[in-house]
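In this text, all values refer to a predicted model and were calculated from it rather than measured experimentally.
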Amino acid sequence: MSLALARKYRPATFSDLIGQEAVSQTLSLALEGNRLSHAYLFSGLRGSGKTSTARIFAKALLCEKGTSAHPCGVCTHCVMASENRHMDIIEMDAASNRGIDDIKDLIEHTKYKPSSARFKIFIIDEVHMLTNQAFNALLKTLEEPPAFVKFILATTDPLKLPATILSRTQHFRFKKIPQNLVQGHLEHILNLEQIGFEKEALEIIARTGAGSLRDSLTLLDQAIVYSKNYVDVPTVTNMLGIIEPSLLEQLIRDITRKDEKKVLEFLKTASDYEAEMILDELTLYLKAQLLSKSTLLTPMIIERFFRIIAESKGLLALGSDGEFILTLSLFKMMEALQIKEIDTMIHALEKELQGVQITMPDASQSAATPKVVTITEADLTPINQRQEEKGATEIKAASEEHVVAEKHPEAPREAVSEPREVTSEEKPNTPVAAAETASAPRQAPESQPKEPLQEKVSPPDPHQKRFDTLVQKIFDRDFELGMCFETNIEFESFAEGTLTWSSTAQGEEKKQLITHWGVINMFVKEIFGFETRIVNLPKEQSSHTEEERKKKSDDAVAPSTAGDVSPTQEEEECNASASMLEDIEMKSSCIAPEAGDTEAAKEKDPSSLLQEPMIKAAIELFDPKKVRIKRKS
């Protein structure tokens with residue numbers, strides 16, 4: 001009669017146990033030193049040797065030569081124990097005898113001495129299947145059995161056992177048997193059976209057994225029958241319904257080469273298999289590649305592939321189309337290789353930038369200094385702002401004269417025109433004449449024909465568009481404020497962190513600009529920079545006639561030419577009115593650097609802050625439970 005390999009080659013001694021050295025050594029020493037307990041608990045994976053160890057231990061206890069780790073195997077008790085017909089070894093399956101009545105019968109048997117052996121041994125398999133009432137009934141007997149009674153409990157799930165049972169037994173944990181030990185044991189059995197095999201096929205069987213020696217032997221039995229006494233890779237893969245490792249190896253090579261055509265051919269072949277199985281086999285293959293330190297895949301690429309496989313298995317758990325998920329996974333693996341190229345580009349760029357020095361523009365720095373890249377403020381502006389627009393914008397001569405007049409009020413208006421050479425006839429002979437010539441306006445002789453003045457054409461100021469953006473932001477914030485700002489404020493220049501504009505605001509418009517100065521200043525610093533300083537040039541409104549403007553201009557120039565003439569009261573009021581907007585606007589904000597001793601620049605008393613109108617309005621709007629005033633450090 002032929003037996004299954006798992007039964008035919010069941011371990012008969014402690015030395016025959018595979019992968020459970022700790023358990024076998026502890027029990028052997030207990031037998032040799034006569035330090036025996038009354039109850040033992042064996043727990044572990046299925047097929048790891050729990051029941052076989054219990055039978056070996058029982059045979060060692062009953063051997064006629066005495067308790068020994070090496071029973072003789074020839075005496076009557078050893079023979080009966082090996083043939084599972086010893087009367088004093090009682091095996092009980094708790095899965096089918098789990099009630100309290102079954103435990104009562106077992107307790108009744110413990111009252112009687114063994115029939116012929118030294119001990120009466122009770123082996124209860126799958127003990128976690130007992131009911132709570134059965135466990136409670138067994139507790140007292142398990143704690144203090146008669147001296148001739150030994151309990152051996154076996155389970156695959158020790159967490160289901162009550163703590164009262166665990167505390168009354170010696171617990172031995174059977175670990176999962178390593179794959180290499182299982183494979184070696186399978187080779188040993190096939191050599192004894194004189195059956196040919198391929199090591200790769202036995203590796204697949206041992207891996208599929210997942211640490212259970214009994215499962216591996218069962219699969220080996222099946223493979224021997226299916227392969228007609230020669231266990232090879234195609235036979236095992238066809239029997240188990242898994243894909244051949246050679247196909248997976250070729251698939252990974254095609255993915256690394258980004259050969260979409262061959263990957264699609266593999267997908268046609270893989271349609272005969274389960275998508276989950278292929279993903280599992282890919283995971284095992286990647287694990288083998290990582291442990292073998294293969295140069296085909298780096299650890300980073302393996303980690304990316306594993307993440308893709310894990311995400312795909314999550315989608316399979318939702319009941320999605322397996323073939324589509326497998327296709328998506330393989331193409332995502334090819335896309336994951338693109339990241340490697342990007343990393344390489346980043347490293348190459350870092351190496352290129354190691355020899356580049358970036359400095360800010362310095363007046364003392366020589367323009368011919370080699371290997372220095374200078375980034376100016378104009379380089380940071382958008383390219384379209386630095387391109388010259390078609391056509392040229394005329395620059396008003398009156399604006400230039402006005403700017404110069406404001407900066408140098410003692411200079412005559414005609415001084416802003418282009419300088420011309422003075423002939424020897426026109427040179428004054430005396431200092432007084434020279435002063436009069438320099439201060440008096442130059443007039444062309446009547447006989448000399450007047451040539452038309454050619455207006456200069458210069459490229460548009462790139463900061464004009466930034467000023468237009470400022471106007472647009474103010475419009476977006478408040479339309480009326482934007483209209484007032486656009487009507488009265490005109491851009492002049494922006495250089496060295498100073499924004500210069502001219503203002504014609506008067507009356508209510510001037511008050512409106514002063515009221516909303518904080519908003520305007522905020523937008524200016526946002527667009528032109530936080531260190532921007534604003535210079536306001538007062539300018540008369542366009543409603544004045546040319547004669548009045550010319551008259552005021554002549555009156556403003558006259559004091560500079562004649563030292564004995566003093567400005568009139570009317571002119572002082574005009575100048576004071578013109579500069580009032582600048583003084584108020586520049587000092588009305590507490591964040592302005594020129595705030596000085598204005599009321600807004602002074603530090604407020606914390607006790608009076610809550611009485612400020614703005615603070616009161618904010619408290620009424622937000623209705624806070626607590627208001628805390630924090631002093632700025």
Q | For E303, side-chain hydrogen bond (donor to acceptor under 3.5 Å, both in side chains) partners two or more places apart | A |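 Only R307 meet the side-chain hydrogen bond (donor to acceptor under 3.5 Å, both in side chains) criterion with E303.
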Are [X] and [Y] side-chain neighbours, meaning at least one heavy-atom pair lies under 4.5 Å?
{"X": "L106", "Y": "I124", "result": "yes"}
{"X": "L264", "Y": "F331", "result": "yes"}
{"X": "F119", "Y": "L62", "result": "yes"}

Q.
Taking CD in Q194 as the centre, count heavy atoms belonging to other residues, nucleotides or ligands within less than 6.0 Å. Is the count above 12?
A. no
Q | Intermediate values then yes/no, side chain to side chain donor-acceptor pair (under 3.5 Å), S227 and T235 | A | CA-CA 6 Å; S227 63; T235 301; 5.1 Å; no
Q | Under 3.5 Å side-chain donor-acceptor pair for Y273 and E323 | A |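 E323 and Y273 do not have a side-chain donor-acceptor pair below 3.5 Å.
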**Q.** Distance-only polar pair, side chains of Q222 and Y226, donor-acceptor under 3.5 Å
**A.**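 There is no such pair (donor and acceptor under 3.5 Å, judged by atom type) between the side chains of Q222 and Y226.
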Side-chain donor-acceptor distances from residues 172-187 under 3.5 Å, at least two apart:
| from | atom 1 | to | atom 2 | distance (Å) |
| --- | --- | --- | --- | --- |
| R173 | NH2 | H171 | ND1 | 3.4 |

**Q.** Check ion pair K473-D476 (N to O, under 4.0 angstrom)
**A.** no
Q | Contacts of type salt bridge (Lys or Arg N to Asp or Glu O under 4.0 Å), residue K313, not counting sequence neighbours | A |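 If we apply the salt bridge (Lys or Arg N to Asp or Glu O under 4.0 Å) test to K313, skipping adjacent residues, the hits are D280.
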Q.
Any side-chain to backbone donor/acceptor pair from K120 onto K150? Under 3.5 Å, distance only.
A. no
Can you give the donor-acceptor pairs under 3.5 Å from side chains of residues 88-100 to other protein atoms, not counting sequence neighbours?
| from | atom 1 | to | atom 2 | distance (Å) |
| --- | --- | --- | --- | --- |
| D88 | OD1 | S115 | N | 2.9 |
| D88 | OD1 | S115 | OG | 3.0 |
| D88 | OD2 | S115 | N | 3.4 |
| D88 | OD2 | S115 | OG | 3.4 |
| D88 | OD2 | S116 | N | 3.2 |
| D88 | OD2 | A117 | N | 2.9 |
| E91 | OE1 | R55 | NH2 | 3.2 |
| E91 | OE2 | R55 | NE | 2.9 |
| D93 | OD1 | A95 | N | 3.2 |
| S96 | OG | D93 | O | 3.4 |
| N97 | ND2 | D93 | O | 3.1 |
| R98 | NE | M129 | O | 2.7 |
| R98 | NH2 | M129 | O | 3.0 |

Q | Pairs involving residues 240-252, ordered by first then second residue, that meet salt bridge (Lys or Arg N to Asp or Glu O under 4.0 Å) (sequence neighbours left out) | A |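 Residue pairs passing salt bridge (Lys or Arg N to Asp or Glu O under 4.0 Å), neighbours aside: E249-R253.
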Q: Would you mind listing every salt bridge (Lys or Arg N to Asp or Glu O under 4.0 Å) that reaches into residues 204-215, with sequence neighbours excluded?
A: R46-D215, R207-E281
